[in-house]
Engineer: 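Here it is, the structure, as structure tokens.
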Amino acid sequence: MKEFVISEVKAETAVLVGLITQEQNEAKTKEYLDELEFLADTAGAVTVKRFTQRVGGPNMTTYVGKGKLEEIKEFVKEMEDNEEPIGMVIFDDELSAKQLRNIEDELGVKILDRTSLILDIFAMRAQTANAKTQVELAQYRYMLPRLQRLWTHLERQGGGSGSGGGKGSVGLRGPGETQLEMDRRIILQRMTLLKQRLLEIDKQKVTQRKNRGRLIRVALVGYTNVGKSTIMNLLAKSEVFAENKLFATLDTTVRKVVLENLPFLLADTVGFIRKLPTDLVDSFKSTLDEVREADLLLHVVDISHPDFEEQIQVVNETLKDLECSDKPMMIIFNKIDNYTWEEKEEDDLTPLTKENISLEELKRTWMAKLNDDCLFISAREKENVDEFRDVLYKKVRELHVQKYPYNDFLYNVDIDEGMA
Ligand SMILES: Nc1nc2c(ncn2[C@@H]2O[C@H](COP(=O)(O)OP(=O)(O)OP(=O)(O)O)[C@@H](O)[C@H]2O)c(=O)[nH]1
Ligand SMILES: [Mg+2]
């Protein structure tokens with residue numbers, strides 16, 4: 001119980017653990033851990049230390065090697081002796097039930113992995129019945145093979161966090177209920193129920209979508225925190241929630257936008273992230289239907305992020321999983337106001353790298369690669385927004401004429417849903 005009291009008075013502290021392997025060099029691991037730290041921060045935990053280990057691959061029983069685990073254990077103990085106990089240790093990859101149990105036995109603190117941390121944030125963010133149902137299902141999917149470990153874990157903690165949602169400490173915003181009594185059978189029953197509920201919601205949404213008239217559907221997609229909701233607010237004059245945290249958006253919102261005389265529908269969707277298990281993507285199927293059914297994708301990229309190129313790849317791969325990769329797409333490079341580079345002297349012969357390429361050069365490179373299908377804007381500072389509206393108008397118009405050749409634009413369809 002003691003740990004509970006502490007976590008209520010001050011933010012929980014976290015230790016991060018990642019591996020350096022052949023596929024993931026030191027710089028990459030640092031980037032991953034930076035992102036993991038941002039995720040922890042979003043969930044309300046303060047990172048106090050990182051551990052990395054250079055290995056061939058994860059250890060099957062303890063993820064890191066014995067020596068490293070011992071080192072982490074000593075640190076945890078030391079902090080406890082200093083009366084600054086560690087709230088949780090977070091691993092950058094998904095842990096198996098066996099790894100989780102062994103690590104927890106050894107360290108004696110709460111253990112999370114990237115997946116359970118993301119699920120925790122999702123639980124905190126879920127607003128609508130649809131999102132809540134999807135998150136709960138995903139949480140059970142994660143828990144089911146790890147039940148044994150969760151039981152002992154919860155007994156040690158002195159109970160769960162109560163009925164799920166925003167409160168509770170990081171990693172324990174479980175699906176709620178009386179977790180200790182839950183057994184496999186009950187969970188499976190509950191999962192069946194949740195799946196049925198999602199099917200019903202899906203049916204309602206299909207009906208809703210049928211009533212939308214003949215309008216072109218555009219979906220904002222992209223990595224998390226790149227500015228999708230900010231762009232939505234800009235174009236639709238809506239007030240969708242946007243903030244500098246990961247996964248600020250969980251629910252899809254659809255708004256009608258009119259550019260010049262042309263109405264179309266614009267959807268804001270959940271962001272993507274690296275190492276997101278396909279299971280989790282599956283759970284968000286109905287949220288992602290907007291993407292699947294879109295006529296045009298606006299792939300938003302945060303050009304000021306050091307890893308923006310990898311983020312583009314992650315998004316493209318996720319779109320491929322969703323079977324959406326052959327849809328018409330425009331790439332919107334956002335946050336140009338925040339882009340920095342090391343300026344080179346005229347006669348400097350250092351080769352061009354990510355760090356010293358100017359925005360103008362970067363624009364030229366990408367425009368050569370993507371023809372007209374990319375734009376550079378700042379949604380927040382409203383830079384180049386007129387051109388963006390112009391290009392978008394032309395593109396949507398073209399798609400509209402192709403898709404509904406005998407129909408004039410419809411003005412009387414009144415759609416402004418906070419889609420569930
Ligand atoms: N500097 C700068 N910041 C921006 C710009 N556009 C958005 N932001 C900021 O970036 C952060 C994330 O913006 P959101 O619109 O919430 O991003 P999102 O892609 O919807 O993020 P998720 O819903 O969390 O996936 C916020 O703090 C925005 O104010 C921009 O053009 N320049
Ligand atoms: Mg958003």
Side-chain angles (χ1 to χ4, degrees), residues 34-44 114 117-128 130-131 134-135 166 218-255 257 266-276 280-281 284 287-288 290-291 297-308 310-312 314-315 318-319 322 330-341 359 362-363 374-389 392 418-419:
D34 285 347
E35 185 170 85
L36 195 68
E37 181 167 340
F38 198 178
L39 283 166
D41 171 63
T42 299
R114 186 176 260 258
L117 181 59
I118 291 174
L119 279 173
D120 193 61
I121 296 170
F122 278 14
M124 191 169 81
R125 299 288 200 195
Q127 296 281 333
T128 61
N130 189 29
Q134 293 181 106
V135 175
V218 181
L220 289 157
V221 295
Y223 210 77
T224 180
N225 208 43
V226 294
K228 299 178 293 301
S229 301
T230 310
I231 293 180
M232 173 87 167
N233 290 340
L234 190 74
L235 291 175
K237 302 192 177 57
S238 57
E239 277 168 41
V240 177
F241 182 60
E243 71 165 344
N244 192 20
K245 290 271 159 99
L246 300 182
F247 301 112
T249 307
L250 203 54
D251 289 297
T252 305
T253 312
V254 181
R255 293 279 185 274
V257 177
L266 183 66
D268 180 23
T269 63
V270 60
F272 303 149
I273 196 166
R274 296 182 272 209
K275 297 187 182 177
L276 196 63
L280 225 140
V281 178
F284 285 82
T287 303
L288 293 167
E290 283 306 328
V291 177
L297 301 178
L298 298 183
H299 179 169
V300 184
V301 175
D302 174 358
I303 201 165
S304 70
H305 196 288
D307 304 332
F308 81 89
E310 197 195 336
Q311 296 188 344
I312 292 178
V314 172
V315 172
T318 315
L319 288 174
L322 295 168
M330 277 169 66
I331 301 203
I332 313 300
F333 290 99
N334 188 31
K335 307 200 189 180
I336 53 170
D337 62 290
N338 204 32
Y339 182 81
T340 50
W341 73 96
L359 187 57
L362 197 67
K363 274 186 193 175
C374 69
L375 270 163
F376 295 78
I377 66 163
S378 164
R380 205 178 66 183
E381 304 305 319
K382 302 196 172 43
E383 284 178 52
N384 211 20
V385 170
D386 287 341
E387 189 194 341
F388 175 37
R389 284 206 176 92
L392 186 58
M419 283 282 301

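Atoms within each ligand, like the ligands themselves, are counted from 1 in listed order. Quick note: residue numbers are just sequence positions, from 1. Only heavy atoms go into these numbers, but all of them, side chains included; no hydrogens, no water, no symmetry mates. Computed from a prediction, not measured in an experiment: that's the story for all the values here.
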Engineer: Consider every N or O of Thr224 and every N or O of ligand 1, then say whether any pair is closer than 3.5 Å.
Structural biologist: yes

Engineer: Taking distance alone, with N or O pairs closer than 3.5 Å, would you say Glu381 contacts ligand 1?
Structural biologist: no

Engineer: Do Asn130 and Thr128 have side-chain N/O donor and acceptor atoms under 3.5 Å apart?
Structural biologist: no

Engineer: So, Ser229 and Asp268: side-chain donor and acceptor under 3.5 Å apart, yes or no?
Structural biologist: yes

Engineer: Gly271 heavy atoms, cut-off 4.0 Å: which ligand 1 atoms fall inside?
Structural biologist: 25 (O)

Engineer: Would you check the N or O atoms of Thr269, main chain and side chain alike, for any that come under 3.5 Å of an N or O of ligand 1?
Structural biologist: no

Engineer: Give the single entry among Met232, Lys228, Lys382, Lys335 that approaches atom 8 (N) of ligand 1 most closely by any heavy atom.
Structural biologist: Lys335

Engineer: Classify the ring geometry between Phe333 and Phe308 as parallel (under 30°), tilted (30 to 60°) or perpendicular (over 60°).
Structural biologist: perpendicular

Engineer: Atom 6 (N) of ligand 1: which protein heavy atom is closest, and how many Å away?
Structural biologist: Asn334 ND2, 3.2 Å

Engineer: Less than 3.5 Å apart, any donor N or O on the side chain of Asn225 or Asn244 sitting next to an acceptor on the other?
Structural biologist: yes

Engineer: Out of Asn225, Leu220, Val221, Thr42, indicate the one that has the non-hydrogen atom closest to atom 11 (C) of ligand 1.
Structural biologist: Asn225

Engineer: Relative to the heavy atoms of Leu246, which atoms of ligand 1 are at a distance of less than 4.0 Å?
Structural biologist: 24 (O)

Engineer: Lys335 and Glu381: salt bridge (charged side-chain N to carboxylate O under 4.0 Å, His left out), yes or no, with the steps?
Structural biologist: CA-CA 8 Å; Lys335 307 200 189 180; Glu381 304 305 319; over 6 Å; no

Engineer: Can you find an N or O of Gly227 that's nearer than 3.5 Å to an N or O of ligand 1?
Structural biologist: yes

Engineer: Is it the case that ligand 1 has an N or O less than 3.5 angstrom from some N or O of Val226?
Structural biologist: yes

Engineer: May I ask you to check whether Asp268 has an N/O atom sitting below 3.5 Å from an N/O atom of ligand 1?
Structural biologist: no

Engineer: Which option, Ala379, Gly222, Ser229, owns the non-hydrogen atom nearest atom 31 (O) of ligand 1?
Structural biologist: Ala379

Engineer: Give the total of protein N/O/S atoms at a distance below 2.8 Å from the Mg ion (ligand 2).
Structural biologist: 2

Engineer: Could you list the atoms of ligand 1 found under 4.0 angstrom from a heavy atom of Ser378?
Structural biologist: 30 (C), 31 (O), 32 (N)

Engineer: Which distance, rounded to the nearest 0.5 Å, do you find between the CZ of Arg125 and the OG1 of Thr42?
Structural biologist: 6.5 Å

